[in-house]
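Quick note on labels: first sequence line is chain A, next is B, and so on, each numbered from 1. Computed over heavy atoms, backbone and side chain alike; hydrogens, waters and symmetry mates excluded.
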Number of protein chains: 2
Amino acid sequence: MKKYEVISSEMRQRIKERQYPADQPIPDEITLAKEFQCSRMTMKRGLDILVTEGLLYRKRGHGTFIVKSAFQNSRVNVASNESLGLTNLLKDKVITSNVITFEVKFPNPEVAARLAIDISTPVYDLVRLRLVDGEPYVIEKTFMPASLIPGLNDEVLQGSVYKYITHELGLTIAGSHRKIRACKSEELDQKHLFCKDDDPILEVEQVGYLNNGVPFEYSFSRHRYDKFEVTSVHLNK
Amino acid sequence: MKKYEVISSEMRQRIKERQYPADQPIPDEITLAKEFQCSRMTMKRGLDILVTEGLLYRKRGHGTFIVKSAFQNSRVNVASNESLGLTNLLKDKVITSNVITFEVKFPNPEVAARLAIDISTPVYDLVRLRLVDGEPYVIEKTFMPASLIPGLNDEVLQGSVYKYITHELGLTIAGSHRKIRACKSEELDQKHLFCKDDDPILEVEQVGYLNNGVPFEYSFSRHRYDKFEVTSVHLNK
DNA sequence: TAGTGGTCTAGACCACACC
DNA sequence: GTGTGGTCTAGACCACTAG
């Protein structure tokens with residue numbers, strides 16, 4: 001484990017356990033660096049992580065302080081909870097999938113553009129209903145370049161495609177661009193999510209990227225409005 | 001201007017202008033450090049910014065590469081576009097505000113908890129209709145500790161509260177926690193946003209924090225479903 | 001003036017990928 | 001082995017805050 005990760009973990013633990021008074025600065029970087037037997041740069045890097053997580057803030061010429069109410073609610077580490085894929089989001093629940101459609105076809109120009117491929121490059125066109133503890137949760141419409149994700153089959157689709165991509169194919173997912181919007185429910189939503197005509201839908205449009213910058217999925221996730229919300233942390237600059 | 005900012009700006013410009021072949025790694029960090037007459041650490045820090053922006057990616061043992069389709073659409077710098085406040089989001093539009101209600105009152109327990117204050121600490125309770133180029137756009141319900149934002153008046157409310165907080169009060173906004181959801185429209189929405197009974201609403205619940213960790217606003221922004229979507233960039237780890 | 005965090009340096013060794 | 005990025009060091013100077 002990297003030294004700066006050891007430092008951030010240890011310091012996170014100390015803050016959680018109230019080992020530092022909340023109304024005073026924590027020890028300065030040089031003192032902490034001595035204690036952790038590292039350079040000041042490495043100490044700073046460890047603390048940077050906690051600043052990004054919203055646990056600490058710094059005042060130049062003054063010191064480093066614990067954020068008020070850092071642990072008052074359970075929203076700590078929200079940033080790191082923002083993982084890709086439903087399976088990652090709900091680790092203690094049982095996720096199952098009903099495959100509604102699963103085809104290989106040529107993409108339309110819109111899909112091709114999002115995936116940065118030609119319209120003559122075949123894509124998977126996949127619609128799944130995801131259930132959490134047996135309850136309908138979200139409809140996912142997904143397009144993926146077929147050549148990028150070889151061997152996708154029904155067995156994989158019952159489980160986690162992300163796990164297949166990362167564990168079986170050895171690819172690394174870098175991140176995604178998302179658009180979140182509200183829209184009216186359609187017939188497919190009403191049928192599978194058991195929602196009414198006038199129930200809204202929370203739709204997340206997403207392009208997922210591998211760590212080589214190649215888009216690997218273009219998807220629309222349609223959620224019941226009363227069962228889902230997106231949580232995010234925004235930091236200026 | 002800091003050296004690593006100069007470096008990231010210059011490199012961003014070069015990538016935009018296609019000065020480096022898209023299918024090859026850019027020069028290695030040591031070479032670039034020599035060219036910019038800086039240490040490798042500083043060079044790396046400058047490039048880190050472009051990696052975060054999604055313009056570059058690195059492969060250990062291989063090199064640093066330009067992300068495919070980094071500039072194919074206009075979604076570059078989305079991360080930095082994610083600014084707080086409507087006025088920042090739409091710089092070339094005319095934003096006006098109709099103040100629907102503006103009171104000072106004691107917060108209910110929920111609001112007090114979000115703002116990390118006592119229920120005996122007065123808050124502004126503010127509802128505004130924001131118009132873009134004269135067209136109804138969003139209803140914002142906002143709670144702010146009155147003592148934190150002194151001098152809030154009708155003139156300020158016509159314009160940008162964020163500008164008032166940062167420019168007039170000299171406070172620094174660090175970031176926010178957001179929840180995004182779809183919900184059904186209410187009477188207030190229908191009246192001011194001119195939406196129908198069965199039109200969905202995109203609601204953004206937000207707690208805004210100053211750079212000292214103090215929450216300064218708790219707000220609900222209710223958007224017409226056909227006029228707004230939230231865009232975000234997610235990076236793993 | 002003393003103490004803090006912000007930046008920057010000039011090196012070092014390591015992990016990984018390609019040859 | 002060679003070259004790349006990832007980490008880490010032991011210092012240095014600067015900017016800001018407080019007494």
Worksheet item: How long is the line joining CD of B:Glu5 and C1' of C:dC8, in whole Å?
Response: 14 Å
Worksheet item: Rounded to whole angstroms, how far apart are NZ on B:Lys34 and P on C:dA10?
Response: 12 Å
Fill in: Contact list for DNA chain D against residues 20-27 of chain A - heavy-atom distance below 4.0 Å
none
Discussion item. Distance alone, cut at 3.5 Å: any donor-acceptor contact between the side chains of B:Glu217 and B:Tyr162?
Written reply: yes
Practice prompt. Please name all residues satisfying salt bridge (charged side-chain N to carboxylate O under 4.0 Å, His left out) with A:Asp28, sequence neighbours left out, ordered by chain then number.
Written response: none
Worksheet item: Listed by chain and number, what are the ring pair (Phe, Tyr, Trp, His ring centres under 6.0 Å) partners of A:Phe106, not counting sequence neighbours?
Response: none
Fill in: B:Glu29 CD - D:dT7 C1' separation (whole Å)
12 Å
Discussion item. Under the rule for side-chain hydrogen bond (donor to acceptor under 3.5 Å, both in side chains), what residues qualify as partners of B:Lys105, not counting sequence neighbours?
Written reply: B:Asp125
Item to complete: Can you sort out the partners of A:Tyr218 under ring pair (Phe, Tyr, Trp, His ring centres under 6.0 Å), two or more places apart, ordered by chain and number?
Response: A:Phe220
Response to the item:
As a check of understanding: the bend across the helix from C:dT1-D:dA18 to C:dC18-D:dG1, end axes from five pairs, rounded to 10 degrees, works out to 10°
Worksheet item: Between B:Thr42 and C:dT7, does any side-chain N or O lie under 4.0 Å from OP1 or OP2?
Response: no
Discussion item. Please report the distance, rounded to the nearest Å, between CE in B:Met43 and C1' in D:dT4.
Written reply: 15 Å
Item to complete: Starting from P on C:dG6, measure out to OH on A:Tyr57 and report it in whole angstrom.
Response: 13 Å
Item to complete: State which of C:dA10, D:dT4, D:dT7 makes the closest approach to the side chain of A:Tyr4.
Response: D:dT7
Discussion item. The criterion is side-chain hydrogen bond (donor to acceptor under 3.5 Å, both in side chains); which residues satisfy it with A:Glu5, sequence neighbours excluded?
Written reply: none
Discussion item. Could you work out, with salt bridge (charged side-chain N to carboxylate O under 4.0 Å, His left out) as the rule, every residue matching B:Arg60, not counting sequence neighbours?
Written reply: none
Practice prompt. Would you mind reporting whether B:Pro107 and B:Leu115 have side-chain heavy atoms less than 4.5 Å apart?
Written response: no
Discussion item. Just to verify, what does B:Lys3 make a salt bridge (charged side-chain N to carboxylate O under 4.0 Å, His left out) with, not counting sequence neighbours?
Written reply: none
Practice prompt. Going 5' to 3' through nucleotides 11-19 of chain C, assign each nucleotide B (protein heavy atom under 4.0 Å from a base atom), S (under 4.0 Å only from sugar-phosphate atoms) or - (no protein heavy atom that close).
Written response: -B--BBS--
Worksheet entry | Residues that B:Ser8 engages under side-chain hydrogen bond (donor to acceptor under 3.5 Å, both in side chains), provided they are two or more places apart | none
Discussion item. Any base atoms under 4.0 Å from A:Gln37, or only sugar-phosphate, or nothing? Heavy atoms, all strands.
Written reply: sugar-phosphate
Worksheet, complete the sentence: In whole angstroms, the gap separating P of C:dG6 from CE of B:Met1 amounts to 18 Å
Worksheet item: Within this structure, what is the CG-to-P distance between B:Asp48 and C:dT7, rounded to whole angstrom?
Response: 13 Å
Worksheet item: Just how far is it from atom CG of B:Leu32 to atom NZ of B:Lys44, taken to the nearest 0.5 Å?
Response: 11.5 Å
Worksheet item: Nearest to the side chain of A:Lys3, which nucleotide is it out of D:dG6, D:dC8, D:dT7?
Response: D:dC8
Item to complete: Starting from C1' on C:dT7, measure out to CZ on A:Arg58 and report it in whole angstrom.
Response: 12 Å
Worksheet, complete the sentence: Contacts of B:Phe65 meeting ring pair (Phe, Tyr, Trp, His ring centres under 6.0 Å) (sequence neighbours excluded), chain-then-number -> B:Tyr57, B:His62
Item to complete: Verify the contact: side-chain N or O of A:Arg45 to OP1 or OP2 of D:dC8, cut-off strictly under 4.0 Å; return yes or no.
Response: no
